[in-house]
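Data first, discussion second: the structure below is written as C-alpha cells.
Whatever order the structure lists ligands and atoms in, that order sets their numbers, starting from 1. All values derive from a computational prediction rather than experimental measurement.
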Amino acid sequence: MERLRMAVVGAGTWGKNHVQIYQAHPFAEVVAIADPVPGKAEALARELGVPASFTDVETMLDGCDCDAVAVVTPDFAHAEATIAALKRGRHVLIEKPIATTRADLERMTAALRDSDVRVMVDLHNRWNPPFHEAWRSVRTGAIGEVQSAYIRLNDTKWVATTLLPWAAESSILWFLGSHSVDTLRWIVGSEVRRVYAVKREGVLRELGVDTVDLYLTTLEFENGVVAQMENGWITPDSNPNVNDFRCSILGSQGQININASNHQLMELFTPGKLTVPDILVQNHVFGRPAGFAYQSIRSFVDCLLTGEDFHVTVGDAIRGVEVILAIMESAECGLPVEVDYQYPDFA
Ligand SMILES: NC(=O)c1ccc[n+]([C@@H]2O[C@H](COP(=O)([O-])OP(=O)(O)OC[C@H]3O[C@@H](n4cnc5c(N)ncnc54)[C@H](O)[C@@H]3O)[C@@H](O)[C@H]2O)c1
C-alpha cells in the first residue's frame, strides 16, 4: 500500500479534523465521508474537496474504494460503523472510547475476532509531550518504583452544555476519563484491579444536561500502585483553558508533576481577558495540523503504511472501557468493585 485511502464516518467537529489530517498527510487521501444527518457529510465534502458523501455508512463502504475507515461518531455510537468496516475488511481507527456499554464491547470483540484487519483507538494522551516524557522517565527508572499517582482531567461546563449535543448520552468518564484511565495504565504499566468511586450530580441537570457532574475515583493496580483520578464537567467557563489537567507520579526515588492546563509557554492578554492559547493540543503551524491530538491520528496512517505496531492496542482500549464500567458500578453502589476483564485474548 503506497497511499492510504480513508473514509470518515461522522462529519462533526472531530470528523472535520480527521479529514484535514489525512488530507495534509503526504501519503493519504479522503475518498468519502458519511453522516446520518442529511446534508452534513455533503457540506463537509464540498468544503474540503472530498469526492463522495453519504448518509449511510454501509452504502458508503459498498460504494467507495477505501483502505481504512475513521469512526468519529458520538461516544455511544462507535459500534455500528466499526462492525460494518470490519465485515468489509477495512482497517479502522476508532475515536475514544471504543465503546460505552458491555453489549457493544461484546459485538465489537466478536467482529474483531472474525477479521484480520488492523484497528487502533485514538487514545491520544500517549502523544502528549509531558505525558510521553513521564512515561519514558518511569521506564528508565528515573523516579524509582512508582508508588502512587494523581490525575485530574476536567472540562469546562461549555463542553457539556454547548459543544456536544449528545453529552447526556455520554459522561465525563467516557469523554475524558477514557484518556485518564489509559494514561494511568500506560504510565503505571499494570492493570487496574479494583476501583472505588464517588459521583456528584445536579449542576449540569440544572443546566438541562442529564449527566453526572463529577467522579472521584481510587484505583488499585495489580502491581500495588494506587491512584486518585478526578473527572468533572463543571469547571467554570471562565477557566483560561477548556481542560483543567494535572498529574503527579510519586516514585520511591522521585516525583513527576505535570500541569497541562497552563503550559506557561504563552499568555495572551487582550482588553479585559487573559487566555492561554492552545499551542500543544489542536494547534496548526502554517495551516497544517500540528498538535499532539493530531499526531495520534497521523500515527495510525504512518503505522498502516510502514507496518509498524500501533502505539495503542485494541486490548488497551477494551480494558480501559472495562475499568470505566467498574467505576460507574462503584459510584452507583457505593462500594469498591473488582474490574471484570472478559477479553484476555486481546493483547
Ligand atoms: N481524540 C480527541 O482529541 C477527540 C476530541 C474531540 C472528540 N473526540 C471524539 O470524537 C467523537 C466525535 O466527537 P465530535 O466532537 O466530532 O461530535 P459531533 O457531535 O461534533 O460530531 C459527531 C457526528 O457524528 C454524526 N453521527 C454519525 N453516526 C451517528 C449516530 N449513529 N448517531 C448520532 N450521530 C451520528 C453526527 O451527525 C455528527 O455529525 C466522539 O467519540 C468524541 O469523544 C475525540
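- Judged purely by distance below 3.5 Å, without hydrogens or angles, the side chains of D122 and S296 pair a donor atom with an acceptor atom.
- The atoms of ligand 1 that sit less than 4.0 Å from any heavy atom of H78 are 41 (O).
- Classification of D213 and K157 as a salt-bridged pair fails, no side-chain N sitting under 4.0 Å from a carboxylate O.
- A salt bridge does not link K96 with D182: none of the charged nitrogens is closer than 4.0 Å to a carboxylate oxygen.
- Looking only at protein heavy atoms, the nearest one to atom 30 (C) of ligand 1 is A77 CB, 3.8 Å.
- Between W174 and F76, a ring centre-to-centre spacing not shorter than 6.0 Å is recorded.
- Against a heavy-atom cut-off of under 4.0 Å, V37 is close to the following atoms of ligand 1: 37 (O).
- Those atoms of ligand 1 with a heavy atom of K40 less than 4.0 angstrom away are 38 (C), 39 (O).
- Atom 16 (O) of ligand 1 has as its closest protein heavy atom W14 N, 2.8 Å.
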(Q) I'd like to know whether R136 forms a salt bridge (Lys or Arg N to Asp or Glu O under 4.0 Å) with E133, so could you lay out the CA-CA distance, the side-chain angles of the two residues, the decisive distance to 0.1 Å, and finally the verdict. (A) CA-CA 5 Å; R136 211 186 57 76; E133 192 56 25; 2.8 Å; yes

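- In this structure, atom 26 (N) of ligand 1 lies nearest to the protein heavy atom P36 CD, 3.5 Å.
- Of the protein's non-hydrogen atoms, T13 N, 3.0 Å is the one closest to atom 20 (O) of ligand 1.
- Here the closest heavy-atom approach between residue I187 and residue A134 is recorded as CD1-CB, 4.1 Å.
- The shortest N or O to N or O distance between H179 and ligand 1 is not below 3.5 Å.
- Ligand 1 is never approached by Q282 to a heavy-atom distance shorter than 4.0 Å.
- A centroid separation of less than 6.0 Å is found between the aromatic rings of H284 and Y294.
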Q. Please walk me through it: do R107 and E80 pass salt bridge (Lys or Arg N to Asp or Glu O under 4.0 Å)?
A. CA-CA 9 Å; R107 294 193 301 142; E80 301 305 335; 3.0 Å; yes

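- Electrostatic pairing of R90 and D67 does not count as a salt bridge here, judged by no charged N lying under 4.0 Å from a carboxylate O.
- For atom 41 (O) of ligand 1, the closest non-hydrogen atom on the protein side is D75 OD1, 2.7 Å.
- Counting protein heavy atoms only, atom 21 (O) of ligand 1 is closest to G12 CA, 3.2 Å.
- Atom 13 (O) of ligand 1 has its closest protein heavy atom at W166 CZ2, 3.6 Å.
- Nearest protein heavy-atom neighbour of atom 25 (C) of ligand 1: D35 OD2, 3.1 Å.
- Atoms of ligand 1 lying under 4.0 Å from at least one heavy atom of T73, given by number and element, are 11 (C), 12 (C), 24 (O), 26 (N), 27 (C), 28 (N), 29 (C), 40 (C), 41 (O).
- Of the candidates E95, K96, E169, the one placing a heavy atom closest to atom 1 (N) of ligand 1 is E95.
- H124 and W127 have their aromatic ring centers separated by at least 6.0 angstrom.
- The closest approach between a heavy atom of W174 and any atom of ligand 1 is not below 4.0 Å.
- The residue from P74, A79, A81 that puts a heavy atom closest to atom 33 (C) of ligand 1 is P74.
- For the pair R152 and F245, the cation-pi test (distance below 6.0 Å, angle within 45°) is failed.
- Just one of E329, E220, E222 meets the salt bridge (charged side-chain N to carboxylate O under 4.0 Å, His left out) condition when paired with R194; it is E220.
- Residue-ligand proximity, H124 to ligand 1, at heavy-atom distances under 4.0 Å covers atoms 1 (N), 2 (C), 3 (O).
- When each atom of ligand 1 is checked for a heavy atom of L164 under 4.0 Å away, the hits are 15 (O).
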